[in-house]
Amino acid sequence: MSFGDTSAFQDGITTSSLNVKDRITVIGSGNWGSVAARLIAINTRTSPLFHDEVRIWVFEEILPSGEKLTNAINKYKENKKYLPGVNLGPNVVADPDIRSAVKDATMLVFVTPHQFIEGICKDLKGKIKPSVKGISLIKGMEVKESGVTLISNKIRKSLGIECSVLMGANIANEIAEEMFSEATVGYKGNKTIAQKWVQLFSTPYFSVTAVPDVEGVEICGTLKNVVAIAAGLVDGLGMGSNTKAAIMRIGLKEMRYLARLLFPTVNDTTFFESCGVADLITTCLLETLAWTKENGLCPSSKINAFHNGPCNGNCR
Ligand SMILES: NC(=O)C1=CN([C@@H]2O[C@H](COP(=O)(O)OP(=O)(O)OC[C@H]3O[C@@H](n4cnc5c(N)ncnc54)[C@H](O)[C@@H]3O)[C@@H](O)[C@H]2O)C=CC1
Ligand SMILES: O=C(CO)COP(=O)(O)O
């Protein structure tokens with residue numbers, strides 16, 4: 001079962017049925033955190049379900065101008081370091097103090113690099129409302145000899161809250177430019193909250209669908225990066241599009257195999273959502289583009305460049 005048409009929910013969730021407006025805090029203000037805050041702020045400005053203001057917790061940094069990043073976001077409504085040139089919206093408010101940023105929140109959006117989540121959860125323990133709902137946009141998982149732990153599970157266990165996930169073919173800069181993208185919300189049990197997450201993120205150019213398979217959605221967002229490394233190697237070796245397509249096809253099958261080995265309840269259909277095949281494709285394509293842009297090279301020279309220097313224009 002899936003759903004993506006937010007208009008269908010308008011009757012199901014009303015302010016009168018919920019009584020209070022939800023208050024949103026975004027935890028993380030990097031590239032994707034800033035774009036996520038921008039999407040959310042569009043909806044909180046217009047939907048009666050949400051409080052207008054969107055708080056964004058900022059890991060404080062000093063800009064080359066000497067200004068604090070938080071002050072600059074609040075002054076210019078722009079994240080000059082992680083999303084320059086994009087207006088975040090008048091209702092986005094940056095806060096460098098994580099505790100004050102989450103104090104009134106009823107919905108928390110986690111969107112930091114995965115290595116920081118443990119420390120962040122420690123800081124949040126006992127500081128959030130017990131009824132708060134979370135969603136993780138973080139890609140990655142913890143791997144130890146004892147087994148793997150998904151990031152949403154770390155959040156759930158550490159804070160004792162419900163935590164959904166949102167993953168997909170979501171290159172943040174493209175969404176900031178309002179180019180069309182899809183995303184998948186993965187949830188466990190609570191369909192009402194999943195519907196609310198869909199409403200919070202959906203815009204005409206950001207189409208969100210929810211599926212009741214939180215592990216499946218999250219593990220897709222993690223494992224696709226392994227396949228993308230292989231796709232990058234294919235580029236570097238100049239092996240061509242057929243080989244890259246084979247890597248992607250076999251990689252998707254292996255993603256499904258491993259996902260089901262780790263989490264037997266993962267649904268096959270999840271791999272056909274944006275979080276599955278679409279994220280795999282965009283990340284495999286991105287590997288090529290990012291590397292070649294950074295190095296001023298054409299794709300087929302990628303590996304040779306390590307040995308022979310930059311492309312001389314003769315490679316195919
Ligand atoms: N950028 C993208 O297009 C997408 C990113 N993601 C995922 O979103 C998550 C966040 O990625 P981005 O926003 O791209 O990150 P980013 O790389 O743009 O920003 C890094 C963030 O980490 C913060 N930071 C640095 N040191 C820190 C510390 N010690 N403690 C806490 N925070 C610290 C920085 O201030 C900054 O806000 C990642 O899990 C990534 O995989 C998912 C989809 C798309
Ligand atoms: O979601 C992404 C592209 O769709 C980017 O994900 P990563 O941050 O894991 O590279």
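Atom set for the values below is all heavy atoms of this structure, side chains included, hydrogens, waters and symmetry mates excluded. Owing to the predicted nature of the structure, the values given are computational and were not obtained by experimental measurement. Both counts, for ligands and for their atoms, begin at 1 and track the order of listing.
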What residues form a side chain to side chain contact (heavy atoms under 4.5 Å, CB included) with K133, not counting sequence neighbours? E162, N190, I193, W197
NZ/NE/NH1/NH2 to OD/OE distance under 4.0 Å, [X] and [Y]:
| X | Y | answer |
| --- | --- | --- |
| R260 | D268 | yes |
| E60 | K68 | no |
| K188 | E215 | yes |
| D279 | K139 | yes |
| R38 | E178 | yes |

Anything under 3.5 Å between a donor and an acceptor, one on a side chain of residues 145-153, the other on a protein residue two or more places apart or in another chain? List them.
unit_1 : atom_1 : unit_2 : atom_2 : d
S152   : OG     : R156   : NH2    : 3.0
S152   : OG     : E218   : OE1    : 2.5
N153   : OD1    : R156   : NH1    : 3.0

Residue of the set V111, T112, V58 for which side-chain contact (heavy atoms from CB on, under 4.5 Å) holds with V26: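 So, applying the side-chain contact (heavy atoms from CB on, under 4.5 Å) to V26 and each of V111, T112, V58, only V111 qualifies.
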Check each protein residue for a heavy atom under 4.0 Å from ligand 1 and list those that pass, ordered by chain and number. S29, G30, N31, W32, G33, W57, F59, E61, Y82, V111, T112, P113, F116, L137, I138, K139, N170, I171, A172
If you look at each N/O of ligand 2, which protein N/O atoms lie under 3.5 Å away, and at what distance?
unit_1   : atom_1 : unit_2 : atom_2 : d
ligand 2 : 1 (O)  : K139   : NZ     : 2.3
ligand 2 : 4 (O)  : G168   : O      : 3.2
ligand 2 : 4 (O)  : N170   : N      : 2.8
ligand 2 : 4 (O)  : D279   : OD1    : 2.7
ligand 2 : 6 (O)  : K224   : NZ     : 3.0
ligand 2 : 9 (O)  : K224   : NZ     : 3.3
ligand 2 : 9 (O)  : N225   : ND2    : 2.9

Establish, yes or no, whether the cationic atom of K191 lies under 6.0 Å from the six-membered ring centre of Y187 and within 45° of the ring axis.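 No, K191 does not lie over the aromatic ring of Y187.
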